[in-house]
Engineer: 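Got a structure here, written out as structure tokens. Questions coming.
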Amino acid sequence: MSLSVRPRGLMGSHSLACCNACLRGPRIRGEFLNVPFIRNLGVFGRIPSAARGLKRDRRLVAPGFSGKSNLKSRIYSESSTALASSNSFCHGNNLLYRAGSIGFSTRQVHCNATLNTPPVQLEQTKGEHVDQATETNKIRQYPFPEIESKWQRIWDEEQTFRTPDAVDTSKPKYYVLDMFPYPSGAGLHVGHPEGYTATDIMARYKRMKGFNVLHPMGWDAFGLPAEQYAIQLKSLGFSYDWQRELSTTEPDYYKWTQWIFLQLFNKGLAFQAEVPVNWCPELGTVLANEEVIDGLSERGGFPVIRKPMKQWMLKITAYADRLLEDLDDLDWPENIKDMQRNWIGRSEGAEVDFEILNSAGETISSSLRVFTTRPDTLCGATYLVVAPEHPLLKQIVSADQKDSVEKYVDAATRKSDLERTELQKEKTGVFTGAMATNPANGESIPVWVADYVLGSYGTGAIMAVPAHDTRDYEFAVRFDLPIRVVVSSGEEDALVDKRAYAGEGTIVNSSLVSSGVELNGLPNNEAAEKITQWLEESGKGKRQVNYKLRDWLFARQRYWGEPFPIIFFENSNEARGVAEVDLPVTLPEIDDFTPTGTGEPPLAKADAWVTYTDEESGKVVRRETNTMPQWAGSCWYYLRFMDPKNSKAPVDPEKERYWGPVDLYVGGSEHSVLHLLYARFWHKVLYDIGVVSTKEPFKRLVNQGMILGEVEYTTYRDTDGNYVSADSLGQDCLPERVSEKDVLKSGDGYVLKYDQSIRVSARAHKMSKSRGNVINPDDVVTDFGADSLRLYEMFMGPLRDTKVWSTNGVEGVYRFLGRAWRFLVGIPPAEGPYPEGSLVTDGEPSLEQLKILHRCIYRVTDDIEGMRFNTAIAGMMEFLNAASKWRDRPRAIVEPFVLLLSPFAPHIAEELWCRLGHSKSLAYESWPEAKDEYLKEDVHVLPVQMNGKLRGTIEVPAGADEETAFAAAIKSGNFDKFLEGKEIKKKIYVPGRILNLIIK
């Protein structure tokens, strides 16, 4: 079959196999199409909207190509026939092309030639189905398909946004970076481009401000999804330097990931240890704590158990204090810094040794050491608790408690750390049969095992002070254990209210009789210092700083991942790093990628790769068969972007000194701990060995808010089928979705249009396939253009806020761009193309026009600097509202406005700039500067209140006094209805700000 599209006023036809007039790519040979050619099709052209009935995905270039199959996809013979038979020309601002015998040729760009505005008409052949939307023949606000494909091609061909390796380092730099995208086969939804649009605005703005800008993009994934993602990102006009594109899975990249690991290994920061790990039998791999949610794997939702295994660890705890202290100097959201502080969890206290006794009172083990942040409450300890994984547990458990303890420990291995430590859950535990001696008062207290104590924190054992710790109190109440108050708040005993008192106060019931140390009557902080000193002097304890932060489990039992550059000599467990000249250690080709199920990774099956003779020693060695976790490559990619082709070092020192650190880093808050903490750790190690010159990798961090799906309206019916208001539901009411056109706004809520007594539930949800509320950006771009999508996502609200998608809102900014187009180009005739050039005049602008322009320049500039993109757009809309009333279009006014618009809507801005007579891209034009002389106001808009309520506004001369302002309010007549029959008791006037009349 062949589906042809004929734009009015043009001879010839487009074939579906030829996306648009801006197509350029390698010639097709044979019947297969490779990914680079797919990328060219998606990047430089777009299937005309009328032709989308064949396939929804505009990236698809021919029938039968799904975009989600293998890297090579078959083009049906019908499309090859269509290519061979097409002999088309396309005029206008697009590239002229001729599609000949399975190949393409390009022609020159004509900037001021005609663009065809009317919508394309559809010709359907051989009964092929066409989407309803393509038949609506909707008039376009402006010719965005031609404009956007044209400028994407020009930017790519001319490498407009390429940052050269050698830059003028006397100029200021701006390194703006997006967090790595993690594409799925489904590609983007409209929430994904939000952060990318924000960074692109900043990158374009800074270029025009004279900065050297580094704005790269790369991938922490491999295969077609990343290719699809690249296609979509390019279709949105992001000004990435694609010459620096990288993938962490390429050997040239992970060679340096392995090199960094060797530096960690040589510094003693990478080591092997037998540790209890989160083992997922279904996935056949170990998971980090952060990858386990409610006892299930984050990916797949499979059960996870605790299991001791020998694993590679990174000693991130050695950098805990620096990771904590250096947060203070970062321009990051406070909530993100707090999350990192809490994750690191620094706590000061003391370690205390308790002797363990059997039932006969005899010492049976070396001391059990506990960590406490409240040594002042030592006399209030009425029992000890050890973690189920504590190494001494098997030694101290009594014979009659052994079975109970073993069953309890087995059950605990099936719980995540979160499940074990959650405060609200019911406490569980088992008495070990052992007793301990409190070193402070000589009292014998029982030793329990309970899962709310973690072996990974402190010493894996605690002294329980139930009167002053909530968890200990709940446990003591559950098992009827003694509770002794040792800190008095000065008020009524807290235990009367059945709760623990964890605050400060005066120490009571704490005389250390055997040592002569008296704590009673001391403030608790002084008592803590005194008892800690006694513990150290008596050899029964010491001061200690502990962290919740654990060393980083850095191994996975998967095939996909960076191989460790580590070998072991035969019959020895001694690890040695491979020689740096042997990097990268690449993955072997194997047929079976499935987990072994025993904890041995899939690489263990590659016998010829695992075991070989080391050339340096002549001995037989075996390779490490675990692989690095998925976070490894993303810990340092921001450095590689500075110098992506360097084969001798991760990054050139001079380039790092110039470009580092990242000036703006934008991404989701879900990476607040894992990625950001790990990247900071690696960076500090690299700083210590002289690879980088800064202590921190990311100077400023911004988290974009979530974009929710469109508001869903829900009514409810009872069992008889009658509507029931959403605010008075019964148990058996069933929900029923209704359309937006069937509801009316009423107060703070919504009601049914045809029965306004029925309240309707209105709620927006997170976009998901299961809800069916995912908005595909491809559809938005096809219907409204990439510039409209970019502009709307920034106009929805503050970047950091959660926002609700509205297609009507997209239509609003689309109309704004259409008005901007007509403001410069004019209104086209009923038939035929837009006129060439623009409506601009070369006359001198009026003073009023200059004032309106410079107020806009000042506002947009200030808002971009503060990343208040929504209000910047509002400022441009206000400008256009005023400018649309002018009879002339002075060049001195129009050109700065186009430059202001360009970071937000770059395609249309480039086209308008071209029509204004410029031969080069505006990407490096100077940003307009607001002049103070035009910012002075002759007239102020003054709000007028009555008894504190806003009743309207008036215009008064700048600097007007109270009498003048009051006279203007009365003269306006706008407030007569509020003043009728009332007496003005008082006037409150703040010059230039407000006039408030107190009336009675």
Side-chain angles (χ1 to χ4, degrees), residues 349-388 390-402 404-405 408 427-453 455 458-487 495 500-502 507-515 517 519-520 527-528 531-532 534-535 538-541:
E351 288 185 349
V352 185
D353 293 331
F354 287 76
E355 287 188 349
I356 304 300
L357 311 173
N358 60 19
S359 56
E362 300 169 339
T363 301
I364 61 173
S365 170
S366 58
S367 297
L368 177 64
R369 175 161 288 188
V370 306
F371 172 75
T372 177
T373 58
R374 295 291 303 270
D376 54 305
T377 63
L378 182 56
C379 289
T382 58
Y383 63 97
L384 300 185
V385 181
V386 297
H390 197 286
L392 286 181
L393 179 58
K394 291 182 179 180
Q395 298 179 32
I396 66 175
V397 65
S398 64
D400 57 340
Q401 290 293 105
K402 183 177 180 180
S404 298
V405 168
Y408 183 82
K427 296 295 180 289
T428 63
V430 174
F431 177 47
T432 65
M435 303 294 287
T437 301
N438 188 326
N441 54 20
E443 187 175 85
S444 181
I445 58 177
V447 181
W448 286 66
V449 57
D451 59 11
Y452 77 89
V453 176
T459 63
I462 66 162
M463 65 176 207
V465 185
H468 306 292
D469 182 273
T470 301
R471 295 180 308 168
D472 296 345
Y473 179 83
E474 293 173 352
F475 192 91
V477 170
R478 170 82 192 280
F479 295 103
D480 196 24
L481 294 167
I483 301 174
R484 180 183 302 120
V485 174
V486 292
V487 180
L495 295 181
Y501 174 68
I507 299 297
V508 297
N509 301 322
S510 299
S511 293
L512 280 63
V513 179
S514 59
S515 62
V517 177
L519 301 181
N520 289 333
I531 191 67
T532 302
W534 175 80
L535 288 169
S538 62
K540 297 181 179 181

Engineer: Are any side-chain N or O atoms of Arg369 and backbone N or O atoms of Glu351, one a donor and one an acceptor, separated by less than 3.5 Å?
Structural biologist: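 No, because the side chain of Arg369 does not come within donor-acceptor range (under 3.5 Å) of the backbone of Glu351.
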Engineer: For the residue pair Asn438 and Leu378, what are the closest heavy atoms and their distance?
Structural biologist: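 Asn438 and Leu378 have their closest heavy atoms at ND2-O, 3.0 Å.
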Engineer: At their closest point, which heavy atom of Pro439 faces which heavy atom of Val352, and how far apart are they?
Structural biologist: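 Heavy atoms only, the tightest pair is CG-CG1, 3.6 Å.
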Engineer: In plain terms, say whether Asp353 and Lys540 are close enough for a salt bridge, that is, a side-chain N and a carboxylate O under 4.0 Å apart.
Structural biologist: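 No.
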Engineer: Any sub-3.5 Å donor-acceptor pair from Tyr473's side-chain atoms to Val465's backbone N or O?
Structural biologist: no
Engineer: Return a table of donor-acceptor pairs under 3.5 angstrom between the side chains of residues 475-482 and protein atoms on other chains or two or more places apart.
Structural biologist:
unit_1 : atom_1 : unit_2 : atom_2 : d
Arg478 : NH1    : Lys427 : O      : 2.4

Engineer: Under 3.5 Å, is there a donor-acceptor pair between the side chain of His468 and the main chain of Tyr501?
Structural biologist: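 Yes, because the side chain of His468 sits within donor-acceptor range (under 3.5 Å) of the backbone of Tyr501.
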Engineer: Applying side-chain contact (heavy atoms from CB on, under 4.5 Å), can you list everything that pairs with Val453, at least two apart in sequence or on another chain?
Structural biologist: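 Once residues adjacent in sequence are excluded, the partners of Val453 under the side-chain contact (heavy atoms from CB on, under 4.5 Å) criterion are Val385, Ala387, Ile462.
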Engineer: Minimum heavy-atom separation for Pro446 and Phe431, please, with both atom names.
Structural biologist: CB-CE1, 3.6 Å
Engineer: Ignoring hydrogens, what is the shortest heavy-atom contact between Thr432 and Val449? Give both atom names and the distance.
Structural biologist: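 Reported closest heavy-atom pair: CG2-N, 3.9 Å.
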Engineer: Looking at every heavy atom in both Ala467 and Arg484, which two are closest together, and how far apart are they?
Structural biologist: CB-O, 3.2 Å
Engineer: Is the backbone of Ile507 close enough, under 3.5 Å, to the side chain of Ser510 for a donor and an acceptor to pair up by distance?
Structural biologist: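 The answer is no, because no donor-acceptor pair under 3.5 Å joins these two groups.
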Engineer: What closest approach, in Å, do Met463 and Thr372 show between heavy atoms, and which atom pair accounts for it?
Structural biologist: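 The pair with the smallest heavy-atom distance is CE-OG1, 3.7 Å.
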Engineer: How would you list, by chain and number, every residue that makes a ring pair (Phe, Tyr, Trp, His ring centres under 6.0 Å) with Phe371, sequence neighbours excluded?
Structural biologist: none
Engineer: Sub-3.5 Å donor-acceptor pair from the side chain of Asp451 to the main-chain atoms of Gly429, do we have one?
Structural biologist: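 No; judged by distance alone, with no hydrogens or angles, the pair does not exist.
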